[in-house]
Amino acid sequence: MDTRLFAADLLDMLPELTLFIAIIIISLLDLFWPKNASKKGIGVLTLIALIVSAGFLIYQRIHLDGVISLLNDSYLVYHYGILFKLIVLLGVSLIVMMSFGAIRDKDIPHIGEYYVLLMPAALGAMIMASSADIITLFIGLELLSISSYILVALRKHHTKSNEAAFKYIVLGSIASAFILYGMSFLYGMGGSTNLFQIGATLQSLESSFHPMIYVSFFLLLVGFGFKLAAAPFHTWAPEVYSAAPTPVVSFLAVISKAAMLIFMFMFLPVYFVPLDPVQNLTIYSDVVLTLHVVAAISMIVGNIVALMQKNVKRLLAFSSIANAGYFLVVLSTDRPGELVYYLVAYLLMTIGIFAVVTALENSAEHQDISIFSGLYFTAPVTAVMTVILLLSLAGIPLTMGFLGKFFILLGVIQVKTYWLAAIMIVSSVISFYYYFRIIRLMFMRSHSEHTTIKVPVTTMIVIAICVVATIFFAFFPQYMLSFIEWT
Amino acid sequence: MSGQFIFFMLFSVTAIGGAIMMLNMERIMYMIASAAVTFLSLAGIYVLLHAEFLAFVQILIYAGAITILMIFGIVLTKHEEKREEPKRRFYHISLFAGVVGLFAVFYYVINQSAFPAVTREIAQDQTKEIGLLIYSQYVIPFELVSILLTIALIGAIIIAKREGK
């Protein structure tokens, strides 16, 4: 309970500090990088920084005893925070590895900066995972957002990409403004920037403030929905996904979503405000209902519109919108363990499938769904692995995607929200259609476009890691679950 | 009617008026001037709230730096003075209805919540107090802002840079 930061406290922030220092050093190194040398060296350094940071996190996790709180409870090192940070670092590391083979000079003129920018984005997400103060949360969010705006805009000589980046910046800033506005209401009522204190004050407020609490939630929801790409705030996603560099798209789909989930995970407990003590009603139950409605719309819109897509990245965008729905469901049932499990599953299958897409679109020079046609005959190993990833995305048994969805479904049934469970099952079944359409294309010989497909070694490693983990943790989920629950 | 109320009305009318003018102006120069009016009026409201440091920063950064920067941006870039916007009547009507609805909700909500009247002592050395807070309680976000600004700068440079090949 101290309002000052001491040098000893910096030890608790080692994972973040590592990235902080790495950003400064590597961006300076980039300036003095020899002109003829490959910029992949910068990527390797970035990868090392991420791994070192993850090493410190694991060390922290092993020696964690309760909750470490810095600066008057505004910065917390705790169980799920560390897990979220590990997920972020795992995702970004895989994306960096995928980029080695996927990012080309002619697409992105500033490859050095591309690798450097992934680190502040990861740092922002990590800060969000351990702060309980609205100012720190917002700064973390903006660090993540601004880095991702720049990452989306890196394909400078591509008109569509510029347009998408511009839209993303404008809409993203509006979403941030909504979040800030919602926060300002909370600050006005709570009289503090600390989420725990706000929560405590809100509970003691008289009933005339309840409409304002609702207003603050709905303002925040607009921002949350946008950053999470949940319908009806999803309209930017297909356009940005189809125009941005593919590794950046996987970043948006995985890391931005994960960061937003931890943001909501921190924020939602504020709304445990009793409305009617007799009937045991709280504002939180309305919050949960709203989340359920948004989740249902996302699942329906995402899965149905995906049926009509011809562009692979647009299709995956709608698939990620549908997944935002599943995430909102598991968030509202307040089961962090299942959230972490499905997040890892989603991370592995999404990054894996985007890695496949990078290799295929780079050799075909377009993004039509036909890049998959005849893949089994030109690159059988890649094709088999792609099938496994797609089955996991569709939620077929014996994959992580299935188990994750199954856990979510159990949670929903346990809180007796049967209509949501029904929507979840039906929309999952609809999603089979478009995932299987890709699989069918891969096994059709007649339409084969490519003669040979070169999948770069690093991309192959990323795909292999994703596939192996997807299957391993589906057969042995207890290893991961015991790691999640381990205290 | 107290002097504070008169000034509050004055500043809020000019702040909102400036914002509306900015949206409706045809020429970019006038837009910037209207935005500057809004920035200055907001500074006036901060003074009324006894947030002198914030008011000073508002004038220095928003009314000063950002306005000047926008003028530089216009001078240094090529742009078409005339811009034809397609008339989208339904769009504008629904937008207007949405904004009015949002205003009505917020007005109702703020108006009906009974904020307790609290008398608080106003710190004498505001700048010092803010400085102390920034370097103690809020030191983590403060340090992060430095990275944030660096990243924004790097991003602006690499996006605007012309590749000399």
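So you know, we letter chains A, B, ... as the sequences are listed, proteins then strands, and number each from 1.
- When each of Val145(B), Val139(B), Ile140(B) is checked for heavy-atom pairs under 4.5 Å with chain A, Ile140(B) comes out on top.
- Residues Ile24(A) and Thr150(B) have side chains not in contact (no heavy-atom distance under 4.5 Å, counting atoms from C-beta outward).
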For side-chain contact (heavy atoms from CB on, under 4.5 Å), just list the numbers for Lys161(B) and His110(A), CA-CA rounded to whole Å, side-chain angles, deciding distance to a tenth of an Å, and then say yes or no. CA-CA 10 Å; Lys161(B) 191 176 161 194; His110(A) 299 278; 3.9 Å; yes
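- Counting heavy atoms from C-beta on, the side chains of Tyr138(B) and Asp133(A) come closer than 4.5 Å.
- Side chain of Thr136(A) to backbone of Pro141(B): no donor-acceptor contact under 3.5 angstrom is found.
- For Phe106(B), the part sitting under 4.5 Å from any heavy atom of chain A is the side chain, from C-beta outward, and nothing else.
- Ser146(B) has its side chain within reach of Phe20(A): a pair of non-hydrogen atoms, C-beta onward, lies under 4.5 Å apart.
- Among all heavy-atom pairs drawn from Met212(A) and Ser113(B), the shortest one is CE-OG, 3.2 Å.
- No other option in Ile154(B), Val105(B), Ile110(B) has as many heavy-atom pairs under 4.5 Å with chain A as Ile110(B).
- Put simply, the side chain of Glu113(A) never gets that close to the backbone of Ile158(B): no donor and acceptor are under 3.5 Å apart.
- In this structure, the portion of Leu154(A) lying under 4.5 Å from any heavy atom of chain B is its side chain and not its backbone.
- A pairwise comparison of heavy atoms in Ala152(B) and Ile150(A) identifies CA-CD1, 4.5 Å as the closest pair.
- What you find for Leu143(A) and Leu144(B) is that their closest heavy atoms are CD2-CD2, 4.1 Å.
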